[in-house]
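Remarks on the structure that follows.
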Amino acid sequence: MAEGRFAISRKTEVTPFWQTSRRRIDLSNPVLMGVLNITPDSFSDGGRYLGRESAVRRLDELQDEGADIIDIGGESTRPGSEPVSDEEELGRVLPVIEAAVERVDVAISVDTTKATVAQAALAAGAEIVNDISGLRFDSRLAGVAAESGAGLVLMHIRGRPRTMQQDIHYDDLLGEVVGELGESVQRATSAGCRNEQLVVDPGIGFGKTAEQNLALIDQLDRIVQLGYPVLVGPSRKSFIGKTLGLGVDERLEATLAACVVALLRGARVFRVHDVRAARRALDMADAITTRSSGAELS
Ligand code: HH2
């Protein structure tokens, strides 16, 4: 096994840490990214944290519940959503990022596809850029990540949020998602990003049918084989609603099931709304799989 790397899933070697511009995030335990959307229209928490006071309260809650990272977003990317201007997005996220840097110790991530928003967020103290476009929407974003040394999430998407659920077609779902994530990695490294800054994400719900989302989670080890840590974001999404016939507020247990299966297939980072529940489920699943191998069984 290469020095400094270890086997975390089905013998695939991935770096044991994620380098951001401010710290090294240890990936030997499941890493939780708590969601904080400062938007009027996000599919699950839209409108709840638009006021500064409620956003700040939520920052504290997410940290107390066990988040390692808080992902702050100012533009909904739900199917059918309309883009917002750079100014509008910045006006939503910057005050919350500034408050977060003052109040909490966890890493702050900005959920944006825009270079100008990312640059201002990083200057304000964010240390990760979560780009749902995998560097496809703004050609300047790769340079911002390279120059700052920020952590960078490269997510897979087909099309744009407004139209991504129309005309979904793959000849080879896993092969195409892996190939397109590989192109995103190539864009990042060509701009000067180092491998240890990068995390990849299959983009659950972004240009995929419910069945395709199930297959992506079940075959996540194919994505792990790219050689980068893998993030998944199944939290409360509509593939759960379609599979089990549940409304947005009834999807907690199914979200946890999806996260645990993803963990078993090699995911290391989990983007969720319900941090406390995910912390318990994932830490328990992780303890079962990692500690049992060293136990005296006789
Ligand atoms: N999903 C959403 C937003 N950002 N980022 C990554 N890396 N992976 C995801 O799966 C992902 C993401 C959508 O969820 P949410 O933020 O709750 O909703 P909205 O886009 O409506 O704000």
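Atoms within each ligand, like the ligands themselves, are counted from 1 in listed order. Basis for what follows: all heavy atoms, side chains included, without hydrogens, waters or symmetry-related copies.
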Completion exercise
Logged contact type for D111 with ligand 1, heavy-atom cut-off 4.0 Å, is side chain
Handout entry: Geometric N/O contact E75 with ligand 1, under 3.5 angstrom
Key = no
Exercise for the section: Compare all side-chain heavy atoms of P202 with those of I217 and state whether any distance is below 4.5 angstrom. Expected result: no
Exercise for the section: Check the side chains of R92 and T39 for a donor-acceptor pair under 3.5 angstrom, ignoring hydrogens and angles. Expected result: no
Handout entry: Between T112 and E89, a side-chain donor and acceptor under 3.5 Å
Key = yes
Exercise for the section: Run the salt-bridge test on D68 and R23 with the 4.0 Å N-O cut-off and return the result as yes or no. Expected result: no
Practice task
Go through ligand 1 atom by atom and flag the ones less than 4.0 Å from a non-hydrogen atom of G233.
Solution key: 10 (O)
Exercise for the section: Note the single closest protein heavy atom to atom 10 (O) of ligand 1, along with its residue, its atom name and the distance in Å. Expected result: K237 NZ, 2.7 Å
Practice task
Scan side-chain atoms only and decide if T255 and R236 contain a donor-acceptor pair under the 3.5 Å cut-off.
Solution key: no
Problem - Proximity flag R236 to ligand 1, non-hydrogen atoms under 4.0 Å - result: no
Handout entry: N or O pair under 3.5 Å between F43 and ligand 1
Key = yes
Fill in the blank from the handout: shortest atom 5 (N) of ligand 1-to-protein heavy-atom contact is with N130 ND2, 3.0 Å
Handout entry: ligand 1 atoms in contact with N37 (distance to a heavy atom under 4.0 Å)
Key = 15 (P), 16 (O), 17 (O), 18 (O), 22 (O)
Problem - Per-atom contacts of ligand 1 with I132, taking only distances under 4.0 Å to non-hydrogen atoms - result: 4 (N), 5 (N), 12 (C)
Problem - Any N or O of D71 closer than 3.5 Å to N or O of ligand 1 - result: no
Handout entry: CD (E61) with more than 12 external heavy atoms under 6.0 Å
Key = yes
Fill in the blank from the handout: At under 4.0 Å between heavy atoms, what of V153 touches ligand 1? The answer is side chain
Exercise for the section: Would you mind running through ligand 1 and noting each atom that sits below 4.0 Å from a heavy atom of L231? Expected result: 7 (N)
Handout entry: Donor-acceptor side-chain pairing of D131 and T113 below 3.5 angstrom
Key = no
Practice task
Report, in ascending order of atom number, the atoms of ligand 1 lying under 4.0 Å from any heavy atom of M155.
Solution key: 6 (C), 8 (N), 9 (C)
Fill in the blank from the handout: min-distance protein heavy atom vs atom 8 (N) of ligand 1 -> D201 OD2, 2.6 Å
Fill in the blank from the handout: Closest to atom 22 (O) of ligand 1 among protein heavy atoms sits S42 OG, 2.5 Å
Practice task
For the residue pair H156 and Y170, categorise the inter-ring angle as parallel (less than 30°), tilted (30 to 60°) or perpendicular (more than 60°).
Solution key: tilted
Practice task
Establish, from distance only, whether the side-chain atoms of N37 and Y49 form a donor-acceptor pair under 3.5 Å.
Solution key: no
Exercise for the section: Could you say whether the N/O atoms of S44 and ligand 1 ever approach to under 3.5 Å? Expected result: no
Practice task
Enumerate the atoms of ligand 1 whose separation from the nearest heavy atom of H273 is less than 4.0 angstrom.
Solution key: 17 (O)
Completion exercise
Ranked by distance from atom 2 (C) of ligand 1, the top protein heavy atom is R271 NH1, 3.3 Å
Exercise for the section: Distance to 0.1 Å, residue and atom name: give those for the protein heavy atom nearest to atom 21 (O) of ligand 1. Expected result: S76 OG, 2.8 Å
Practice task
Mind checking whether R78 contacts ligand 1 via backbone (N, CA, C, O), side chain (CB onward), both or neither, at a 4.0 Å heavy-atom cut-off?
Solution key: both
Problem - M33 to ligand 1, any heavy atom closer than 4.0 Å - result: no
Handout entry: Side-chain (S235) to main-chain (V272) donor-acceptor, under 3.5 angstrom
Key = no
Handout entry: Neighbour count >12 (heavy atoms, 6.0 Å) for atom CZ, R280
Key = no
Handout entry: Ring-face cation contact, F17 with R24, 6.0 Å cut, 45° max
Key = yes
Problem - Min heavy-atom dist T39 to ligand 1 below 4.0 Å - result: no
Exercise for the section: Under 4.0 Å, heavy atoms only, figure out whether ligand 1 is touched by the backbone of V232, its side chain, both or neither. Expected result: neither
Exercise for the section: Determine yes or no for a side-chain-to-main-chain donor-acceptor pair under 3.5 angstrom, with E75 supplying the side chain and V84 the backbone. Expected result: yes
Exercise for the section: Report yes or no: is the cationic atom of R158 (NZ for Lys, CZ for Arg) under 6.0 Å from the centre of the six-membered ring of F206, at an angle within 45° of the ring normal? Expected result: no
